Amino acid sequence: MKPKAILGTLAIFAAAAAVFSAPAKNAPNAPRPHFVNITRSAGINFVHNSGAFGKEYLPETLGSGVCFIDYNNSGRQSILLVNGRDWPGHPVHPGTTMELWQNNGNGTFTNVTRQAHLNVPMYGMGCAVGDYNNDGCDDIFVTAVGHNRLFRNNCNGTFTDVTKQAGLWGPPKFGTSAAWVDYDRDGYLDLVVANYVKWTPQTDIYCSINGKTKSYCTPEAYKGESLDLWHNNGNGTFTNVTKKAGLYNPHDKSLGIAIADFNNDGWPDIAVSNDTEPNKLYINNHNGTFTDEAVTAGVAYSGSGVARGGMGIAASDYDHSGWASLAISNFSNQMLALYHNEGNGLFINESPHSEIGHASLLTLGFGCFWFDYNLDGWPDLLSANGHIDPGINAIQRQVFYAEAPLLFENLGNGKFADVTRQMGANFNRPRVARGAAYGDVNNDGAPDIVITTSNGRAALFLNEGETNNSLEIKLVGVKSNRDGIGATVTLKDGGMTQSQMLTDGGSYLSSSALVLTFGLGRQTKANSIQIAWPSGEKQTLANVAAGEIITVKEGVGIVARKPFHKRGTW
């Protein structure tokens, strides 16, 4: 994450951004969808604590994440916000822990961290949500500087730390993103965990930009650390199979994980964003092993053959080609990368000649995800931004510590428009953003957003304004894992075909809601819905009405349906 000199061409790119921006599609005379900050009215007062006290420790620049979770099966998405803590011997904000905010269903949230037994001191980084023991209640995995933690959901509003008895208590590491994935399709969720570098307070290295004062080191100063793959044994325990699966690489400096079936063979693959090391694209070999094809696929390096500062990562079939493409948020002056899946094992970076590249050139992106914010059937892309160096503007006059997010609307023809300024003044406000995730908190059919801030407040944005029709699908596995993670759902409405895989993780240190949202535009129903479950089971639904959330059980069909609330209400 080393700042680089801004070239003279940056001014040209910045000017070009205005040319590439275009008015977004919306119904005639209808107020377009936008995002309203409801954090204060919702009662959420979470503040991130990096623990900074002047020593410029590396982890202070990177946290933290957020996860949506319906932990009490209320049908409402609650919010888990991961937190850091004070460094030993230097209490500044003593007692800070992660926080679980229960969705009350009336526009407010309640901090239930203590009642849920999640007030555990740890220097947390990221989180992942999944039902690892198939008991119908989603569990929580939290990555940390030190020891990661697995919290089993007791199905009564409380959690139990089962890290040690699950076999997950290993040597201390610098954990970042994580994702639940049934990589061997045995019906139990396995766990892939990204690690950053080998770092402890005792091994901290002195770095300085001006030669006078200590500054945060770049990752090149530290040795890398391999990610970990934990196989679920089906009895509440896990086995580390990283080397056996072919994923071990001690040079990695991983920050993001995205799961998708990149070659359409029915098996989940793993993409990893690395910071100053080549990105990884692990293709599933169907036998418990993976092969890294990032170099041959064209996603390992930049177009000039340089390993970039990869932060967040997200996968989506954004152009309805039938193939999952990749977005990777990078360090400032490197652009947010948009790797289009050509369907032949190759990916082409579309960013240099896209509005996505031009608008993101100067920003440092962290959390990023694909979601259909205006429900027109085309996945849009959000990037949460913020630099790591508070003094960067003194070195690079066009780069700032606090940066506004970027929302790119998918125009449906391979082009994107930067519509950030149209989303509302508070949404467009600069912040030092890190994690980001989406979920429908008020069950009105439109995805809402949470963005975390380094050493600052988290923000909950409600999706408001006139928009299109949608359908939400919650999956319940039987032979497959209970959450249905890894299932691919293909929806057809009129002349449009959309395909989404239900996955955990993605973005940066964060996980979005385990519910699939399909925008239908002005269509009032889905003509057909085809579900390919991880178990191999195939299911087809016909003529499903828009405007509701349906629960689909493997091998059974629709077992519950609930109409959306009126737009913008609870």
Side-chain angles (χ1 to χ4, degrees), residues 39 42 44 46 48 62-74 76-84 97-103 109-113 116-120 122-132 137-144 148-153 157 159 161 163 175-181 189 191-194 255-259 312-314 366-371 382 384 433-441 447-453 458-461 474 483 485 502-517:
T39 316
I44 298 174
F46 173 86
H48 175 249
L62 296 175
S64 61
V66 56
C67 285
F68 281 98
I69 177 173
D70 182 6
Y71 77 99
N72 55 1
N73 289 328
S74 65
R76 298 186 293 266
Q77 293 296 326
S78 296
I79 299 170
L80 178 73
L81 291 156
V82 182
N83 210 345
T97 69
M98 76 179 99
E99 294 180 10
L100 177 62
W101 288 86
Q102 177 183 283
N103 187 336
F109 290 72
T110 300
N111 188 338
V112 295
T113 311
H117 302 163
L118 290 175
N119 54 323
V120 178
M122 59 189 298
Y123 198 103
M125 292 296 296
C127 54
V129 172
D131 185 1
Y132 80 92
C137 302
D138 280 333
D139 311 295
I140 299 170
F141 184 79
V142 180
T143 61
N148 303 325
R149 304 292 182 100
L150 174 62
F151 297 94
R152 185 189 64 213
N153 192 330
F159 292 82
D161 184 348
T163 312
T176 54
S177 292
W180 294 101
V181 54
L189 289 175
L191 187 61
V192 56
V193 183
L255 289 175
I257 298 172
I259 309 297
I313 188 168
F366 278 92
C368 68
F369 54 76
W370 295 95
F371 74 138
L382 179 135
R434 293 297 183 257
Y438 68 91
D440 183 3
V441 296
D448 310 301
I449 298 171
V450 172
I451 297 177
T452 69
T453 303
L460 170 60
F461 294 96
K474 178 176 174 57
D483 283 324
I485 289 175
L502 181 65
T503 58
D504 182 49
S507 190
Y508 171 78
L509 307 180
S510 304
S511 291
S512 296
L514 292 176
V515 178
L516 294 175
T517 299

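Predicted model only: the values in this text are computed from it and were never measured.
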Test Ser511 against Asp504 for side-chain hydrogen bond (donor to acceptor under 3.5 Å, both in side chains), laying out the working first.
CA-CA 6 Å; Ser511 291; Asp504 182 49; 3.0 Å; yes
Go through it in stages, so that I can follow the logic: the residues are Asp131 and Cys137, the test is side-chain contact (heavy atoms from CB on, under 4.5 Å), and I'd like the CA-CA distance, side-chain angles, deciding distance and then a yes or no.
CA-CA 6 Å; Asp131 185 1; Cys137 302; 5.6 Å; no
Please step through side-chain contact (heavy atoms from CB on, under 4.5 Å) for the pair Asn83 and Tyr123, ending with a clear verdict.
CA-CA 7 Å; Asn83 210 345; Tyr123 198 103; over 6 Å; no
Check the pair Val441 / Phe68 against side-chain contact (heavy atoms from CB on, under 4.5 Å), numbers first and verdict last.
CA-CA 9 Å; Val441 296; Phe68 281 98; 3.6 Å; yes
Test His117 against Phe151 for side-chain contact (heavy atoms from CB on, under 4.5 Å), laying out the working first.
CA-CA 9 Å; His117 302 163; Phe151 297 94; over 6 Å; no
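Of the inter-residue distances, the one linking Ile257 atom CD1 with Thr503 atom OG1 reads 11.5 Å to the nearest 0.5 angstrom. Distance check, rounded to the nearest 0.5 Å: CG of Leu514 to CD1 of Ile69 gives 8.5 Å. Atom CE of Met125 and atom CG of Asn148 lie 10.5 Å apart (nearest 0.5 Å). Between Arg434 atom CZ and Leu62 atom CG the span is 7.0 Å, to the nearest 0.5 Å. If you take CE on Met98 and CG on Leu81, they are separated by 11.0 Å, rounding to the nearest 0.5 Å. Rounded to the nearest 0.5 Å, atoms CG (Leu509) and CG (Leu255) are 7.5 Å apart.
When all heavy atoms are compared, the tightest approach of Ala433 to Ile451 is CB-CG2, 3.6 Å. Among all heavy-atom pairs drawn from Gly505 and Ala179, the shortest one is CA-CB, 4.0 Å. Closest approach of Gly124 to Val82, counting heavy atoms only: C-CG1, 3.5 Å. Closest of all the heavy-atom pairs between Asn153 and Asp139 is N-OD1, 2.7 Å. In plain terms, the two heavy atoms of Ala436 and Leu382 that are nearest each other are CB-CD2, 4.4 Å. In plain terms, the two heavy atoms of Val66 and Cys127 that are nearest each other are C-SG, 3.6 Å.
Residues Asn72 and Gln102 form a side-chain contact, since some pair of their non-hydrogen atoms from C-beta on lies under 4.5 Å apart. Within the 4.5 Å cutoff, no side-chain heavy atoms of Val515 are placed close to those of Asp440. You'll find the side chain of Asp483 reaches within 4.5 Å of the side chain of Leu189, heavy atoms only. When side chains are defined from C-beta on, Val112 does not count as touching Trp101, because their heavy atoms never get closer than 4.5 Å. Side-chain contact between Phe461 and Asp448: absent, with no pair of heavy atoms (C-beta onward) separated by less than 4.5 Å. Looking only at side-chain heavy atoms (C-beta outward), Asp138 and Ile140 stay at 4.5 Å or farther from each other. Here the side chains of Tyr508 and Thr176 are not in contact, with every heavy-atom distance at 4.5 Å or above. With a 4.5 Å cut-off on side-chain heavy atoms, Val142 and Met122 count as touching.
With Ser510 contributing its side chain and Ala437 its backbone, the two residues share no donor-acceptor pair below 3.5 Å. Side-chain atoms of Ser507 come within 3.5 Å of backbone atoms of Cys368 as a donor-acceptor pair (strictly under, hydrogens ignored). Thr113 contributes no side-chain N or O that, together with a main-chain N or O of Leu118, makes up a donor-acceptor pair within less than 3.5 Å. Proximity of a side-chain donor or acceptor of Thr39 to a complementary backbone N or O of Leu460 within less than 3.5 Å is detected. In this structure, the side chain of Ser78 does not engage the main chain of Asp70 through any donor-acceptor pair within 3.5 Å.
Every residue two or more places apart in sequence or in another chain that forms a ring pair (Phe, Tyr, Trp, His ring centres under 6.0 Å) with Phe369 is listed here: Phe371, Tyr438. In this view, Asp161 and Arg149 satisfy the salt bridge (charged side-chain N to carboxylate O under 4.0 Å, His left out) rule, not counting sequence neighbours.
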